[in-house]
2 protein chains.
Amino acid sequence: MREHRRWVTMAEVAQEARVSTITVSRVIRTPEKVAAETRAKIQAVIDRLGYVPNEGAGDLSSRQNRSVAALIPTLTGSAFTSTIDGLSTRLRAANHQLLFACTDYSSGKEEDFIATMLRRRPAGLVLTSTHHTREADALLQGCGIPVVEVWELPKVAQHHAVGFSNHDAGFAMVRFLHELSYRRVGFVGNSKTSIRSRQRFIGYQAACREFGSGVFRKIADTKKGPNNSERGAQEFAALIEQWPDTDAVFCASDTLALGALSEAQRRGLKVPDDIAIAGFGDFEFANEFGVGLTTVRIPGFEIGELAAQLILNHDDYDQKEMQKIDVGYEIIRRRTA
Amino acid sequence: MREHRRWVTMAEVAQEARVSTITVSRVIRTPEKVAAETRAKIQAVIDRLGYVPNEGAGDLSSRQNRSVAALIPTLTGSAFTSTIDGLSTRLRAANHQLLFACTDYSSGKEEDFIATMLRRRPAGLVLTSTHHTREADALLQGCGIPVVEVWELPKVAQHHAVGFSNHDAGFAMVRFLHELSYRRVGFVGNSKTSIRSRQRFIGYQAACREFGSGVFRKIADTKKGPNNSERGAQEFAALIEQWPDTDAVFCASDTLALGALSEAQRRGLKVPDDIAIAGFGDFEFANEFGVGLTTVRIPGFEIGELAAQLILNHDDYDQKEMQKIDVGYEIIRRRTA
DNA sequence: TTGTAAGCGTTATCAG
DNA sequence: CTGATAACGCTTACAA
């Protein structure tokens, strides 16, 4: 049944062109080292036979690898999509492939995926978390390939990092709201799901202490779960019922903010007059042609590009020196605050 | 400088455990075929040495491959993210890896990526287009691996397909609007960028002929470009200026619809009283806790899962029979129509 | 400029 | 249940 059209091999090309395989190999990788005539002859055979080099075999032989693995929590919610786009773009330019998987915010799955990815011997690993299981940490330590942690900036750097301070970004947004004269700012976001959300919350708390009444308006984290707009709506509702005088709400993601916005509307609250709403991430729907959300913009695409760069240039760095690139953040004021 | 911690090989494990490599191989792949005692001894060495099998070498030797390549136009805009999630999830369950790249709606880049991906000898290829360059087509024909085209259902199937009729979905939405008594429906969307948008447009036209005045309210496609909310706002504005009596607008994507919505608001038009707006895709922001957009829901996650399934089960099918799976679509009525 | 020989790290095959 | 041997498709190192 399975009449597997077999792949053409380099040996077949070589035989057909009456040269040795190494010469075919050279035509592909270093054509300038082959006589023009020979090259043309071989190229013709390659085209005629539709030869596609087997990169896996090449990698095995040369002990190299032109692939990079990336692990992100999820694609839905759009925070990390631009980073993957950036990675993909930069890797393509360097003829590298992207191995990709979603961890679903589970460090167990992350460990699993790290192990699985490592079997492919990628040139590098891009992770969206700085907190791993013991086993995962051991794998990362032992494997000897560059690891880049993105979207955070850990205090003690075991690996390269490209990100920003989620704490400071959270702090900055509350300060910004304070400057706009909002004094009783609440926080919506699940700090159980992601460390990044938690750090934004801690930044929020610090800012509340410095600028606000010192009251933390945040309903208790009950369960883990997706930071979707439904949750945003629910938490927003609970929050303003518990603290009816809240005049602004800072949400740990734009998606949550969108939910808050819809709930405010449902309750007949005018935004930003009755209550201001701020998000995080500057997702596409947040812009002026969308809901016009005041938010924090993170250069996600750039994060991806830089992470790729770090891996591609790994040899240039001293192995001991971990790079730490702060891409910063930017507060974008729109209609909701 | 580059003190590359070398990977532990199977041979080293074997030597350390005083067995042959094939026995180590068996412990990893078919542990039940190894005596419990031997197995334990080898497993101990594996753990102690932190051995991670080199899957590339294994694939080469066994002429198998546990990776699947996927090519989508872009991650931003969120139409395909759920499909990638579905793919990733299903592949993980089958211990396969996902090779991923964005083509940016360019068939040139697509061709490029297909060639590059094929070098990895993936077990299958998932594509989001049915229209390829000549060279790409030749590659796909010749490679002998299963190809699944998603998000469309081509008339003549060269490959497997998992999708739905964009034409019918477009048609259905206009009929739905007609049933809600909207009679002068406009279309917003760039049919130059994506064939899928074009098909939705053709469905729109067919429905206009059948139910409407037969007038096609769509501003001319000027340039290619992203179907973002800014474009949605601009096209919406141009449309209602050209046909001021338009009472509903069907947008080829939710992102465009969002832009239309914001533009309507800017112009003081009440939605849906003055004008109804419908989108396509049921992106996350479209739901009831978001902007409450009337739209067409596509089971994107399921598309990804089914595509993976088709590739994983490839051997079960007759090579000549291309599967064609219609996942359908569903009209979701919300606040904007 | 081209070729020979020896791997790269695994698994298939067949034997014991 | 375990092992010896020969691939898998390519590249490195060295020769010619």
Side-chain angles (χ1 to χ4, degrees), chain A residues 4-43 45-46 49-67 95 118-123 143-144, chain B residues 4-43 45-46 49-67 95 118-123 143-144:
Chain A
H4 225 23
R5 225 164 323 192
R6 262 189 54 265
W7 292 93
V8 177
T9 68
M10 188 177 272
E12 294 175 274
V13 173
Q15 184 174 29
E16 192 74 11
R18 296 165 194 289
V19 293
S20 68
T21 57
I22 189 65
T23 306
V24 177
S25 178
R26 288 193 183 107
V27 168
I28 289 164
R29 298 179 308 146
T30 49
E32 71 283 2
K33 289 188 178 171
V34 178
E37 201 182 349
T38 320
R39 195 196 313 153
K41 180 177 64 182
I42 295 175
Q43 189 59 56
V45 176
I46 288 178
L49 264 43
Y51 170 63
V52 178
N54 182 329
E55 196 169 340
D59 284 350
L60 182 60
S61 177
S62 64
R63 300 129 159 294
Q64 292 189 25
N65 198 299
R66 298 187 156 284
S67 72
N95 274 306
L118 251 28
R119 295 180 168 215
R120 291 266 163 218
R121 301 289 189 271
C143 69
Chain B
H4 226 19
R5 223 163 325 193
R6 261 189 54 267
W7 292 94
V8 178
T9 68
M10 188 177 270
E12 294 175 275
V13 174
Q15 184 174 29
E16 192 74 12
R18 296 165 196 289
V19 293
S20 69
T21 57
I22 190 65
T23 306
V24 178
S25 179
R26 288 194 182 106
V27 168
I28 290 165
R29 299 180 306 148
T30 49
E32 71 283 1
K33 291 187 178 172
V34 178
E37 200 181 349
T38 319
R39 197 196 312 151
K41 180 177 64 180
I42 294 175
Q43 190 59 56
V45 176
I46 288 178
L49 264 42
Y51 170 64
V52 178
N54 182 330
E55 197 168 341
D59 285 351
L60 181 59
S61 178
S62 64
R63 299 126 160 296
Q64 291 189 23
N65 197 301
R66 298 186 156 284
S67 72
N95 274 308
L118 251 28
R119 294 179 169 216
R120 291 265 163 220
R121 299 290 188 268
C143 69

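Throughout, a chain's letter reflects where its sequence line sits, starting with A, and its residues are numbered from 1.
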For this session: Check whether the side chain of A:R63 and the base of C:dG7 form a donor-acceptor pair under 3.5 Å.
Result: no
Exercise. Of all the choices, C:dG3, D:dC10, D:dG3, which nucleotide is nearest to the side chain of A:Y51 once you look at every atom?
Worked result: D:dC10
Exercise. D:dT2 phosphate, OP1 or OP2: any side-chain N/O from B:T38 under 4.0 angstrom?
Worked result: yes
Seminar exercise, completed: Rounded to whole Å, NZ of B:K41 lies from P of D:dC1 at a distance of 15 Å
Exercise. B:R18 has an atom CZ; how far is it from atom C1' of D:dA4, in whole Å?
Worked result: 19 Å
Exercise. Does B:R121 make a side-chain donor-acceptor contact with the base of D:dG9, cut-off 3.5 Å?
Worked result: no
Seminar exercise, completed: Judged by nearest nucleotide, the residue sitting upstream toward the 5' end of DNA chain D, B:I22 or B:A57, is B:I22
Seminar exercise, completed: Heavy atoms of A:Q43 and A:V27 approach each other most closely as OE1-CG1, 3.8 Å
Exercise. Is any side-chain nitrogen or oxygen of A:S25 closer than 4.0 Å to OP1 or OP2 of D:dT11?
Worked result: yes
For this session: Report yes if at least one side-chain N or O of A:S20 is closer than 4.0 Å to OP1 or OP2 of C:dT2; otherwise report no.
Result: no
Seminar exercise, completed: Per atom distances to the A:M10 side chain, the nearest of D:dC10, C:dT10, D:dC1 is D:dC10
Problem set entry | Length of the line joining B:I28:CD1 and C:dG9:P, which is rounded to integer Å | 14 Å
Exercise. For the pair made of CD in A:E32 and P in C:dT1, what is the distance, rounded to whole Å?
Worked result: 10 Å
Exercise. Between atom CG in A:D59 and atom C1' in D:dT12, what is the gap in whole Å?
Worked result: 14 Å
Problem set entry | Pair B:T9-B:N54, side chain to side chain contact (heavy atoms under 4.5 Å, CB included): steps then yes or no | CA-CA 8 Å; B:T9 68; B:N54 182 330; over 6 Å; no
For this session: Can you tell me the distance, in whole Å, between the CD atom of B:E37 and the C1' atom of D:dC1?
Result: 12 Å
Problem set entry | Exam field: side chain A:S25 to backbone A:T21, donor-acceptor pair closer than 3.5 Å | no
Exercise. Out of C:dG7, C:dC14, D:dT12, which nucleotide sits closest to the side chain of A:S61?
Worked result: C:dG7
Exercise. For D:dT11, does OP1 or OP2 lie under 4.0 Å from any side-chain N or O of A:S62?
Worked result: no
Exercise. Are A:T23 and C:dT2 close enough that a side-chain N or O sits under 4.0 Å from OP1 or OP2?
Worked result: no
Exercise. Are the charged groups of B:R120 and A:D59 less than 4.0 angstrom apart, N to O?
Worked result: yes
For this session: Take atom CG of B:L60 and atom C1' of D:dT11, then tell me their distance rounded to the nearest Å.
Result: 12 Å
Exercise. Quick one: is A:R29 getting a side-chain N or O under 4.0 Å of the D:dT11 phosphate, OP1 or OP2?
Worked result: yes
For this session: Look at the side chain of A:R26 and the backbone N and O of A:K33, then say whether any donor-acceptor pair between them is shorter than 3.5 Å.
Result: no
For this session: Determine, stepwise, if the pair B:W7 / A:L118 fulfils side chain to side chain contact (heavy atoms under 4.5 Å, CB included).
Result: CA-CA 10 Å; B:W7 292 94; A:L118 251 28; 3.8 Å; yes
Seminar exercise, completed: A:R120 atom CZ is separated from C:dC8 atom P, nearest whole Å, by 21 Å
Problem set entry | Residue A:N54, side-chain heavy atoms: nucleotide from D:dT12, D:dG9, D:dG3 that is nearest | D:dG9
